[in-house]
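Residue numbers start from 1 in every chain, and the chains themselves are labelled A, B, ... in the order their sequence lines are given, proteins ahead of strands.
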Amino acid sequence: MSKSVLLKYISIGSVAACGYLAGIQTERYKNVLPQNNLNLKNMPGLPIFGTVSAATSFSPVPVPDQSLASATNALELKSTGNRIAQIMKYGFPGLDNVRSFSDYVLSYDRRNRVAHWVFEHLTKDSVKYNEAVDRSKCDFKPDESIHKYFRSENSDYKKSGYDRGHLAAAGNHKFHQQHVEETFYLSNMAPQVGRGFNRDAWNKLEKHVRNLTKIYANVYCCTGPLYLPKKENDGKNYVKYEVIGANHVAVPTHFFKVVVGELSNGSLEMEAYVMPNQVINDNIPLTSFQVPPDSVERAAGLLFFDNLSRSKISKINGKKN
DNA sequence: TTTAATGT
């Protein structure tokens, strides 16, 4: 059985993706979320435009023509290397330091010591209970494939007050023990508020995404950090975030998830979420965190599902497109 | 059910 040999490191020159345009949202966000009625005005710095992305698509990995209706043949695909093409079927959000694992793909931000994005392809089979897979056997481990200058270490998180929060969730990779173990590289972690966020509201969003596999034959999920500007007392916008540990690992202000579900008849539906990296009241419904996908693209400097015309998506955030 | 830190 192939092991780390499978871990290909695709070194692609960094692409300066500067899609962020400031100055649209002017309302200042509060440090503590309101108890109810959370809306876009509480996501300051998330630029809301009326348009959708129209950039050209590009994929460094050839995507096979045949329809990949289900991943029941995941092992076979893994051995052929087609798994990456399957995960990235709808395009790469960006091309900075792309690293592929057996069941997810990651783009690494060396400056912040946190990924730009991770990409996963979920099916019923990848999220269903599997007695052969045991999360408790997994250890958080530094990703040695990343230069030591840019790598995060367990010591950076220790006593920081933050969880080592998975971007590609461990619970999404239950098909094989190796899959879940590979989600424990620190390159897949970000400093997350533990109680009230990672273990609560964010966990609830991750479960929601897993549950989408009951509706859709294929679920494609992109997750990453955001560093959103906030208006200070002088009336100007600043991006401010904490860094932790000797390696100055960035603490994102927010996290995003953009998900596309593919029904067995081929029709496609999208959901996009942004959550602040804060204690979030349990009563706030997930739908309160839904945002227009292009606002996340502009804030993150990424283009999601760029191989897919937005006009082919029948629903966005539950509304007809 | 899934998250994860802390302290012995």
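Distance, A:Asn188 CG to B:dT3 C1': 14 Å, rounded to whole Å. In this structure, A:Lys207 atom NZ and B:dT2 atom P are separated by 7 Å, rounded to whole Å. In this structure, CG of A:Asp163 is placed 17 Å from P of B:dT2, rounded to the nearest angstrom. Between the C1' atom of B:dT2 and the CG atom of A:Asn130 lies a distance of 16 Å, rounded to the nearest Å. For A:His173 and B:dT3, the NE2 to P distance is 10 Å, given to the nearest whole Å. Here B:dT3 presents its C1' atom at 10 Å from CZ of A:Phe184, a figure rounded to the nearest Å. What separates CG of A:Leu167 from C1' of B:dT2 is a distance of 16 Å, to the nearest Å. A:Tyr129 places its OH atom 12 Å from the C1' atom of B:dT1, with the value rounded to the nearest Å.
Taking 4.0 angstrom as the limit, A:Lys204 places none of its side-chain polar atoms (N or O) nearer than this to OP1 or OP2 of B:dT3.
Among the protein residues, A:Gly171 comes within range of the sugar-phosphate backbone only, with heavy atoms under 4.0 Å from sugar or phosphate atoms but none that close to a base. When heavy atoms are screened at a 4.0 angstrom cut-off, A:Asn203 is found touching base atoms of the nucleic acid. Contact annotation for A:Arg164: backbone-only contact, meaning every heavy-atom pair under 4.0 Å involves sugar-phosphate atoms and none involves a base.
A salt bridge between A:Asp143 and A:Arg151 is absent, with no side-chain N of the basic residue lying under 4.0 Å from a carboxylate O of the acidic one. A salt bridge between A:Asp294 and A:Arg298 is present, with a side-chain N of the basic residue lying under 4.0 Å from a carboxylate O of the acidic one.
Of the candidates B:dT2, B:dA5, B:dT3, the closest approach to any side-chain atom of A:Phe140 belongs to B:dA5.
The residue among A:Lys159 and A:Ala169 whose nearest nucleotide of DNA chain B is located toward the 5' end is A:Ala169.
Cation-pi check for A:Lys230 over A:Tyr238 is not met; the charged atom does not lie both under 6.0 angstrom from the ring centroid and within 45 degrees of its normal.
Minimum interatomic distance between A:Pro276 and A:Ile280 (heavy atoms only, all atoms of both residues): O-CD1, 3.6 Å.
Between A:Phe256 and the choices A:Trp117, A:Phe304, A:Tyr273, A:Phe289, the ring pair (Phe, Tyr, Trp, His ring centres under 6.0 Å) rule is met once, by A:Phe304.
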